[in-house]
Each structure stands twice: as C-alpha cells, then as structure tokens.
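In what follows, every chain begins at residue 1, and chains take the letters A, B, ... in the order their sequences are listed. Being a predicted model, the structure only gives us computed values, none of them experimental.
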Protein chains: 2
Amino acid sequence: MITFTEENYLKNLLLLSMEHEGVSVLMLSKKLGIKMPTVTSMMKKFAVKGFVNFSPYKQITLTASGKSEALLVLRKHRLTETFLTRVMGIGWEEVHSIAEQIEHIQSPLFFGKMDEMLHYPETDPHGEPIPTKEGVLIQQPKMRLSACRVGETVRLTGVNDSSKEFLTFLNSKGLKPGVRGKIEHVEPYDSSLTIICGDRKEVLSKTIADKVLVELM
Amino acid sequence: MITFTEENYLKNLLLLSMEHEGVSVLMLSKKLGIKMPTVTSMMKKFAVKGFVNFSPYKQITLTASGKSEALLVLRKHRLTETFLTRVMGIGWEEVHSIAEQIEHIQSPLFFGKMDEMLHYPETDPHGEPIPTKEGVLIQQPKMRLSACRVGETVRLTGVNDSSKEFLTFLNSKGLKPGVRGKIEHVEPYDSSLTIICGDRKEVLSKTIADKVLVELM
DNA sequence: TTAATTTGTTAGTCTAATCTAACTTTATTA
DNA sequence: TAATAAAGTTAGATTAGACTAACAAATTAA
C-alpha cells in the first residue's frame, strides 16, 4: 500500500518533471517544504520500490510505475477540485487546499462517482487537464503570460502557484481559467504588462505574469 | 492540532460511551483493532491533553473538551455518510468506509457546504442522529430488535455493526433505515425472530437481531 | 479464600517520517 | 585553476504510533 506521504512525494515529483527535464533534490525539497536529507532518504526508498531512477548526486526521474501512481494521485486531485467547484459551489481559490486532503482518499468507487457526476471532465477549474483513469495526461501547450507580446489574444488556462493568496488576488482582477484577454502593452522598463479582459483593463507586474499560464488563440 | 489517529480514538470513545457508562481499555482496544498497551499509552496522553479522565485500572470517561472534539468528528462522519448517499448516490453499505476517511478532512467550509446542500439533515442514512455544529447530539431512545416482543411494530433506525458485509446482508433482506416491520414470531428455542416488512417475511437469528436497532412505533 | 482468568500496565523494540549538524561533491566564479 | 558557493549526502536524534513479552491488579470461580 502506498501512504499519504508517498502519494504527496509522487504527485509533486510528477508536477516538477512536467516543467523540467530531470528533477533535483533541492527542487522537490522546496516544493514539498521538506528538508533535503529527508527527500534524499525518501528517494532512496522510492528507488528500491521502483518508483524512481536515482543515484547519488544525479537528477531524479520517475519510472513508468512511479509515473502511473503519480498520475492517479493527480487525477484524484484535479477531479476533486472540479467536483468542489462545480458540484459544491466552492470558490476556485479555496478548492486547492481541500483537494490536497481528499486526493489521498482510497476509494475507486468514490472517485468513479465524482467522475460520473461531472460527466467525465477533461480539465479542472484551474484549466489543467485531468489524467484519465488509465493514467493518460494530455498536456496542451501553454506559455507564461509574461512571454506574450503586444496584440496577442490569449486564454487563461492555468497558474504556476495554487496558493489561496495568489488565486484570491487573481480573482480580484477578474482573472479565472477560461477568461480571454488581449495584451495591450508591455512596459519595457519593468516588463509589467497591460491586459484587456472584457471591460476590464489590468496592469500586472512581471512577478504575476510569470505565474499565469495561457494558451494563444 | 488534533491528528487523524487522535480523532479516531475520540470518535470511538464517544460511540462506546454512548452505549456504556464508562469505557474500558479492552473495549476501546477491540473497537479500534489496536492492542491494549497502545490504547493505555494513548489514554495517558489524552489525560494530559485534557480529553479524558483516566487513572490506572479505572474506566475511561471523556471530559467536556474531549466529548466536544469527538462530537465534531462524529458530525463530520455522519454528514459525509448522508452526503455520499443522498448527493452522490452511493449505497448505504458502501458509505461507511469512505466516511471513515473523509471524516478527518480539516475544512469547515467543505463540511459547511455539505450541510447546506443536504438542507441541514438531522440523521444519517443509517438512521443515526447527526450532532449539530455546536456539538449537540439528540439521541432518540432505541432498542435492539432482539429485545422486541411479538406483535410490536418497529422502525429500523440503526445498526450496531457498520461493516460492509453486515450492511450488505441486511440489504439483501430488504432491511434499511426507515423500513417498518412487525414482529410476527419469536422462536423460544434459539431466540430467532420473524419480522414482516411490507410484502417480505424474514427470519433473523439472535446474532443478527442483536445488531439491528429499532424505535418502537 | 485461594486459584485461575481476565484485564491492565510497564518496559522495551520497531518503523515511518521528520529534523540538525557535519561533511562531501559538484558547479560557479574570480 | 584554485577558491568559494551551492547542492547533496551521511550520521545520528526525535516523535508518533504501533507492537510483544513479561508482570501486576482486579475479578471470577472453585
């Protein structure tokens, strides 16, 4: 049996390896908020269990088995976020921390029912794709808002930071997954960016624009 | 912060103390499936935390603080069972084991939404009362089916055993919370009992009738 | 009331998951 | 390339929650 803690390591390992080719102990340590020696020893354990390829001072990569376990956790997480938002009417800035807990429930029946009630959704309320029951994840190409140019029209599809604080901030600017916007201006001096969404015009700092992910339209 | 494990001890302590005045280490040990020395040491810890009154070789009783924590866990459990049955359409024999996990989620918002969606239910699908947010539990008087006499009409309100096996067995006999029945016969030889529910007539052994709780009508 | 049984406790061990301190390897930079 | 900084590991400690073995108290029965 796979523990709560192990599921957490696996999920975060997967998330990191989707953004970077090869994950370091430091990166995982920061992401989990767990000190490096602890991560090192967990990775040794994972190597024995066959979840990762790992040798000292080298990068960590998920094996097929580790990836498939991780995808299941990610599926449970994203399915839960979708359920909390669409069925229970909980704000998208609140669902993340609840889903972090529910994702560790062991009950295929429970998650099967969720899936059914949601009519087998393909993306979660943050715009992220939900892995299938078979562990297939269709990753649509996405870019940082900060990498967009003046005149481009984009759709907000995700974020790099799921903290409640950040999501609440985005909400206050009218920015949620699915929202479309046009880049009106990029200030060369500080790379801050002006975007028009519907009837709102918002100025976002580079720090913010780095954390907002979009699809070009 | 109260842990997953502690919540489990508290909830089961409450359940036992609702049936018996004063709970023994052995009883709690059996209920939790945890060996007696482990229970003893947890009770020492609980005494320090102020959750129980406990001195060696004496019965365990919950303090006001322990009881109120326990009632909150019980509330989460029963609210969840109701939600799983009524909103998600999961069979009442399946919900128990899922609720055992969800009851440990820390999110007033999540359980508040559940409560709202269910229109503030007073009983769970097993017929058990749900403690209020304020920690008040209205216990209706109930008796074992095995203690009923011929000719009495009863309503099934609960069970003594929430295992899936037992609940599935009851289901197969058409026995669910809310179902009414009339005692047709009690066999003196083995105390087995014949009950008429709607158009069905079922013979239940003493072992079964002991685990079925009813209200007289 | 003594013996046997049941219940409960003590003492010590184990595992999972965390930590800090100290050291080593790898990468960066002067 | 040698010094410094960053990243990673080793070793050892800690805590929570579980266990077994052995002993002690309380209860029950002979």
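- By the neighbour-count criterion of 12 heavy atoms within 6.0 Å, atom NZ of K176(A) is sparsely surrounded, having that number or fewer from other residues, nucleotides or ligands.
- For the pair I195(B)/L145(B), a side-chain contact is recorded, criterion being any heavy-atom separation below 4.5 Å from C-beta on.
- In terms of modelled atom types and a separation under 3.5 Å, the side chain of Q101(A) and the main chain of Q106(B) share a donor-acceptor contact.
- F83(B) meets the ring-ring contact (aromatic ring centres under 6.0 Å, His included) test with no other residue; sequence neighbours excluded.
- Contact check of residues 24-35 of chain B against DNA chain D (heavy atom, cut-off under 4.0 Å) returns I34(B), K35(B).
- A salt bridge (Lys or Arg N to Asp or Glu O under 4.0 Å) check over residues 72-83 of chain A, counting only residues at least two apart or in different chains, returns the pairs E7(A)-K76(A), R75(A)-D115(A), R78(A)-D124(A), R78(A)-E128(A).
- Around atom NZ of K58(B), no more than 12 heavy atoms belonging to other residues, nucleotides or ligands sit under 6.0 Å away.
- In the region residues 2-22 of chain B, proximity to DNA chain D at under 4.0 angstrom, judged on heavy atoms, holds for T3(B), T5(B), Y9(B).
- The ring-ring contact (aromatic ring centres under 6.0 Å, His included) test applied to F4(A) returns H104(A), not counting sequence neighbours.
- The CG atom of L13(B) sits 4.0 Å away from the CG atom of L62(B) when rounded to the nearest 0.5 Å.
- For the segment residues 38-62 of chain B, residues with any heavy atom less than 4.0 angstrom from an atom of DNA chain D are, sorted by number, T38(B), M42(B), K45(B), Y57(B).
- Within the 4.5 Å cutoff, no side-chain heavy atoms of F46(A) are placed close to those of F54(A).
- In plain terms, the two heavy atoms of T63(B) and G50(B) that are nearest each other are OG1-O, 2.6 Å.
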